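Not measured: the values here are computed from a predicted model.
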Amino acid sequence: MDLILAGFGPFLDWSMMLLVFGSVAAGIVAGAIPGISATMGVALISPLTFTMPPLAGIMSLVGVYCGAVSGGSISAILLGIPGTPGAVATTLDGYAMARRGEAGLALGVATISSLIGGVVSALALMLLSYPIAGFALAFGPQEYLALAVFALTAMAALSGGSFVRGLLSGLIGLFLAAIGIDETYGVSRFHFDQTYLMGGISFIPAIIGLFALPETLQGIERIGPVPRRAIQISRILPRRDLARRLLPAQLRCSVIGVIVGAVPGTGSDIAAIIGYSQGRNLSRHPERFGTGEPEGVACPESANNGATGGSLIPLLTLGIPGGAVTAIMLGTFMTHGLQPGPLLMQNNAELVYQIFAGTLIACIAVGVLGLIGARLFARVLAVPEAVLTVAVLVLCIVGAFSMRNDTTDIAIMFLAGMLGYAMVKLDIPRAPLVIGLILGPMVESELGRTLIVTEGDRLGIFTPISTVIWLLTAAPLIGPLVARLVRRLRRA
């Protein structure tokens with residue numbers, strides 16, 4: 001406990017506090033711009049940290065990371081364009097709330113949920129690092145496969161009421177994910193002699209195209225001589241009854257985010273998908289999800305921010321980067337002569353607990369800056385439709401190109417945009433396609449590794465941990481059938 005309290009010492013200096021708040025603000029801006037993801041934001045600022053003291057450099061990256069994950073909800077809610085992959089699920093209900101005139105409330109719910117998820121993850125980072133890291137280390141190919149399939153079941157939750165159309169959209173995403181070289185056997189598929197496609201379809205340009213271009217084209221359709229009605233932002237904070245109703249879901253999804261984030265190879269996008277799916281399955285009114293339900297904003301935002309602190313657990317305790325962002329952070333640690341892992345916890349315990357404390361402060365900064373700026377963010381809706389449409393289109397092109405400085409990504413974005421526009425006109429949900437595109441490679445590679453480890457034994461996918469995950473996966477599908485059977489037996 002003394003170490004935990006001592007960890008807050010450096011942040012009593014106003015310069016360190018200003019550094020944390022400034023990096024969080026930069027992260028929020030990066031996350032709100034489509035295509036400038038948390039990974040890119042951390043990568044851009046990483047070279048600037050090499051001349052800083054170790055704590056200041058590391059906290060700059062943590063602040064940008066936390067801010068970017070939360071900032072992705074801003075464009076998701078206001079424009080219907082997820083700023084980061086972790087905000088895809090937020091788009092469904094957040095954008096519906098904005099179109100209903102509740103943009104301020106949607107931003108307020110998202111910010112408070114981000115705050116709760118971040119604080120829960122920071123507390124878990126402080127108190128439960130070693131137990132959670134040990135649990136995550138027990139994951140093998142079988143567990144990763146079960147977790148990926150578990151996330152895929154969210155297709156039903158994101159299908160917009162039509163499971164068949166949601167399944168069709170998800171299958172399109174899985175097919176697109178199969179383009180390129182198979183990671184397990186090195187077989188090249190569906191690349192049509194195009195070198196670019198051998199590496200697969202980059203999902204950031206695809207996400208920008210699927211969500212941004214259809215909204216841009218619909219904006220062009222709405223442009224007319226009558227100016228758009230001015231938007232009045234009357235409420236940011238939810239009322240007490242709504243806050244009380246959302247709190248259990250926020251806490252539950254925060255814990256889900258911490259656990260998913262602590263598993264190497266996952267991240268905030270998978271955490272948000274699972275959080276939204278479980279929120280819908282456990283809600284008293286699941287039919288409201290996708291129509292502008294505040295709980296549909298709270299669940300994914302709590303989960304993806306819960307994953308931020310969770311992803312730092314394997315990095316700090318085991319020296320294992322859980323994803324691209326923590327891999328960049330690992331490089332920064334090593335630049336300062338620090339090797340994350342058990343020896344870091346043993347030899348530099350004071351620095352580790354300072355990072356724990358700084359993460360908690362960064363999560364609080366996300367909430368403070370988000371609530372202060374919510375009314376300003378929401379004024380984006382007052383911009384004339386013609387100006388906003390052109391600005392969004394420019395940001396889409398810049399965001400798609402900036403990922404790899406490759407003009408082919410711009411072409412992918414426009415092709416995905418045409419597909420997304422057709423799906424909007426045919427009333428086919430786009431979110432399941434994104435889930436299939438993101439999770440397809442993970443399902444395929446982990447299935448291949450599982451069959452190699454078990455020597456082709458298909459029952460080998462069941463281990464003590466994976467069996468629990470498989471049961472959780474089957475519960476939403478089998479539960480209604482069992483309940484219907486019980487009702488029939490009672491009537492009989």
Side-chain angles (χ1 to χ4, degrees), residues 124 128-158 163 167 170-171 174 177 183-184 249 251-283 286 299 303 306-307 310-311 313-314 317-318 320 322-323 432 435-436 438-486:
L128 303 172
S129 290
Y130 274 112
I132 294 178
F135 173 73
L137 200 61
F139 272 55
Q142 296 96 323
E143 288 77 17
Y144 281 116
L145 174 63
L147 185 64
V149 175
F150 181 46
L152 278 175
T153 59
M155 287 182 184
L158 305 179
F163 178 74
L167 181 63
L171 290 176
L174 289 173
E183 293 183 10
T184 306
L251 294 174
R252 183 174 63 246
C253 291
S254 298
V255 174
I256 290 174
V258 171
I259 295 174
V260 173
V263 177
T266 59
S268 59
D269 46 354
I270 295 178
I273 292 168
I274 293 177
Y276 186 90
S277 175
Q278 294 308 297
R280 182 179 184 274
N281 291 336
L282 298 177
S283 174
C299 289
S311 65
I313 292 175
T317 60
L318 303 173
I320 301 173
I435 295 175
I438 293 174
L439 296 178
M442 183 177 179
V443 172
E444 185 179 24
S445 60
E446 298 305 336
L447 177 59
R449 292 189 184 98
T450 298
L451 294 177
I452 291 173
V453 169
T454 61
E455 298 180 348
D457 182 9
R458 289 173 174 78
L459 294 179
I461 64 173
F462 296 105
T463 64
I465 296 177
S466 70
T467 301
V468 173
I469 300 176
W470 284 116
L471 290 175
L472 292 174
T473 303
L477 304 176
I478 299 176
L481 299 177
V482 173
R484 190 178 304 172
L485 179 61
V486 170

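Going from atom CG of Asp457 over to atom CZ of Phe462 covers 10.5 Å, rounded to the nearest 0.5 Å. Here the CZ atom belonging to Phe139 is positioned 12.0 Å from the CG atom belonging to Leu145, to the nearest 0.5 angstrom. Within the model, atoms CD of Gln142 and CH2 of Trp470 stand 11.0 Å from one another, a figure rounded to the nearest 0.5 Å. Separating the CG atom in Leu439 from the CG atom in Leu147 is a distance of 8.5 Å, to the nearest 0.5 Å.
Evaluation of the side chain to side chain donor-acceptor pair (under 3.5 Å) rule for Glu446 yields Arg449 as partners, not counting sequence neighbours. The side-chain contact (heavy atoms from CB on, under 4.5 Å) test applied to Ile259 returns Phe135, Val255, not counting sequence neighbours. For the side chain to side chain donor-acceptor pair (under 3.5 Å) test, residues two or more places apart in sequence or in another chain that qualify with Ser466 are Thr463.
For Glu143 (side chain) and Gly140 (main-chain N/O), a donor-acceptor pair under 3.5 Å exists by modelled atom type.
For Thr473 against Ala146, the heavy-atom pair with the smallest separation is OG1-O, 4.2 Å. In terms of heavy atoms, Ala124 sits closest to Val258 at CB-CG1, 3.8 Å. Between Cys299 and Gly275, the shortest heavy-atom distance links the atoms CB-O, 3.6 Å. Across Ala307 and Ser268, no two heavy atoms sit closer than the pair CB-CA, 3.9 Å. In this structure, Pro314 and Ser311 approach most closely via the heavy-atom pair CD-O, 3.5 Å. Residues Gly436 and Ala177 come closest through the heavy atom pair O-CB, 3.7 Å.
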Steps toward side-chain contact (heavy atoms from CB on, under 4.5 Å) verdict (Thr450, Tyr144): CA-CA 9 Å; Thr450 298; Tyr144 281 116; over 6 Å; no
side-chain contact (heavy atoms from CB on, under 4.5 Å) between Met442 and Ile270, intermediate numbers included: CA-CA 11 Å; Met442 183 177 179; Ile270 295 178; 3.9 Å; yes
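For the side-chain contact (heavy atoms from CB on, under 4.5 Å) test with Pro141, the passing option among Val453, Ile461, Thr454 is Val453; the others fail.
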